[in-house]
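Chain letters run A, B, ... following the sequence lines, proteins first and then strands; every chain starts at 1. Worth saying up front: this structure is predicted, and the values here are computed from it rather than measured.
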2 protein chains.
Amino acid sequence: MAQKDTVDRILNAAEALFAERGFAETSLRTITSTANVNLAAVNYHFGSKKALIQAVFVRFLEPLSDTLSDQLDTVEEEGKEMLLDDLLDLLVAAVTSAHGNDVNRTASFMRLLSLAYTQSQGHLRDYLRERYGRVSNRYISMLRPACPQLSDKALFWNTHFALGAAVFSLSNYDALQAMHNDDTGEESPIREVIKRLLGFISAGVPVTLE
Amino acid sequence: MAQKDTVDRILNAAEALFAERGFAETSLRTITSTANVNLAAVNYHFGSKKALIQAVFVRFLEPLSDTLSDQLDTVEEEGKEMLLDDLLDLLVAAVTSAHGNDVNRTASFMRLLSLAYTQSQGHLRDYLRERYGRVSNRYISMLRPACPQLSDKALFWNTHFALGAAVFSLSNYDALQAMHNDDTGEESPIREVIKRLLGFISAGVPVTLE
DNA sequence: GTCTATAACGCGATAGAC
DNA sequence: GTCTATCGCGTTATAGAC
């Protein structure tokens with residue numbers, strides 16, 4: 001119990017700090033002092049900083065992966081037609097519900113995802129692809145019948161354009177919202193931004209050159 | 001002359017290394033040894049690592065900012081209608097031509113831009129916004145007549161969704177292309193990806209909830 | 001399982017010779 | 001303007017007492 005407590009406190013602090021400032025910019029000293037645990041605890045419980053980074057991702061992605069798998073199972077069993085918008089809503093629901101509908105944690109998730117791509121942590125990228133490639137490929141392949149006019153290539157790139165739009169705007173949501181508020185005085189609650197984002201993606205994904 | 005040579009070699013090495021692995025992950029020692037200059041040269045010529053990072057961005061953004069300003073001047077003088085696709089093409093042309101149509105350098109630019117958003121600890125972001133906010137706002141405001149149905153808010157968010165799609169897909173172009181090639185054996189030259197991206201953006205930007 | 005203390009190293013920056 | 005040498009600090013990781 002004492003162990004589990006320490007481990008969770010480290011993970012909580014690491015998750016928040018990594019999302020806020022990045023991996024290299026966050027020292028184990030900062031993590032352990034934020035978590036109110038001893039400096040040596042990270043290496044004792046996780047073995048290394050790299051392993052801690054991976055553990056943070058696993059704690060995030062495991063529930064999401066499970067939720068999404070279940071939902072995809074249900075869809076397949078029922079065999080009913082899923083439109084693009086249905087599939088997008090399903091994904092949003094899986095992401096937000098996987099962490100107790102806590103919007104802040106979803107924002108952290110997006111920020112971490114963005115860091116996983118930009119901070120050239122090769123180890124992390126390979127690890128995630130190996131561990132979660134299956135479910136993400138499965139999701140993408142379910143988009144196929146919803147966009148019958150797209151070639152595999154068009155589907156691949158369009159989904160990654162969509163991922164980029166989502167990751168960028170949500171991971172920088174605070175800064176963008178502040179920028180827009182500075183300029184116009186208008187507020188954009190995150191739910192509204194997500195709705196706009198879904199409209200944007202839903203219009204772009206079906207587009208093809210062929 | 002010897003000075004200019006050293007400065008340029010530092011900038012070249014820093015630009016490539018930063019784009020490849022990020023700011024915090026790139027040490028001055030790595031930069032100077034790649035550039036074949038002395039370790040002390042960075043602090044002599046730039047003053048600090050922070051200042052070097054800014055200098056890398058300025059070298060990238062100054063030609064782009066100039067080119068874009070000129071093009072926007074021309075458009076305004078002629079007073080002719082610019083459609084959304086025309087404005088997107090204009091931006092692509094400005095970005096690629098600003099650095100001698102070198103695709104690798106454009107990819108580096110995207111990667112750096114992505115880092116500036118995800119990794120900047122404030123100083124860089126403020127610096128860039130102060131220095132280049134004017135021209136970017138000017139560009140965005142020229143989108144207004146091309147998308148008359150959009151509210152200011154919708155225009156703001158849609159352009160940032162588009163920026164996210166562009167930055168993410170182009171800055172990770174190598175990795176994404178490799179991933180897609182792994183799965184399907186198909187090649188996607190970057191010019192083709194850019195065409196697909198423009199189609200995606202062009203479909204998404206005009207979308208509004210209102 | 002948790003702590004203190006410290007090893008071993010890489011970092012940015014600078015002083016001073018040339 | 002460029003070099004060597006080094007300072008001072010922060011880092012991850014670990015050994016060993018409790």
Does atom CZ of A:Arg134 have more than 12 heavy-atom neighbours, drawn from other residues, nucleotides or ligands, at distances under 6.0 Å? no
Between [options], which nucleotide has the shortest distance from any of its atoms to the side chain of [X]?
| X | options | result |
| --- | --- | --- |
| B:Ala40 | C:dA13, D:dT12, D:dC3 | D:dC3 |
| A:Asn38 | C:dT4, D:dT4, D:dT11 | C:dT4 |
| B:Lys49 | C:dA13, D:dA13, D:dT2 | C:dA13 |
| B:Tyr44 | D:dT12, C:dA15, D:dT2 | D:dT2 |

Taking [atom1] from [X] and [atom2] from [N], how many angstroms apart are they, rounded to a whole number?
| X | N | atom1 | atom2 | answer |
| --- | --- | --- | --- | --- |
| A:Leu39 | D:dT11 | CG | P | 10 Å |
| A:Asp5 | C:dT2 | CG | C1' | 13 Å |
| B:Ile31 | C:dA13 | CD1 | P | 11 Å |
| B:Ile53 | C:dG12 | CD1 | C1' | 12 Å |
| A:Glu25 | D:dT11 | CD | P | 12 Å |
| B:Asn43 | D:dT6 | CG | P | 19 Å |
| A:His45 | D:dT12 | NE2 | C1' | 17 Å |
| A:Leu28 | D:dA13 | CG | P | 6 Å |

Taking the ring centre of each residue, are A:Phe168 and B:Phe168 less than 6.0 Å apart? no
Identified side-chain hydrogen bond (donor to acceptor under 3.5 Å, both in side chains) partner of B:Arg9 from the options B:Thr6, B:Asp5, B:Asn12: B:Asp5
Distance test, side-chain N/O of B:Ser27 to OP1/OP2 of C:dC11, below 4.0 Å: yes
Can you see if the side chain of B:Thr6 gets near the phosphate of D:dT2 - specifically, an N or O under 4.0 Å from OP1 or OP2? yes
Is it the case that C:dG12 (base atoms only) and B:Arg29 (side chain only) share a donor and an acceptor within less than 3.5 Å, ignoring hydrogens and angles? yes
Nearest heavy atoms of B:Phe60 and B:His99, plus distance in Å: O-NE2, 2.8 Å
Non-hydrogen atoms of A:Ser48 and A:Val42 that approach each other most closely: O-CG1, 4.4 Å
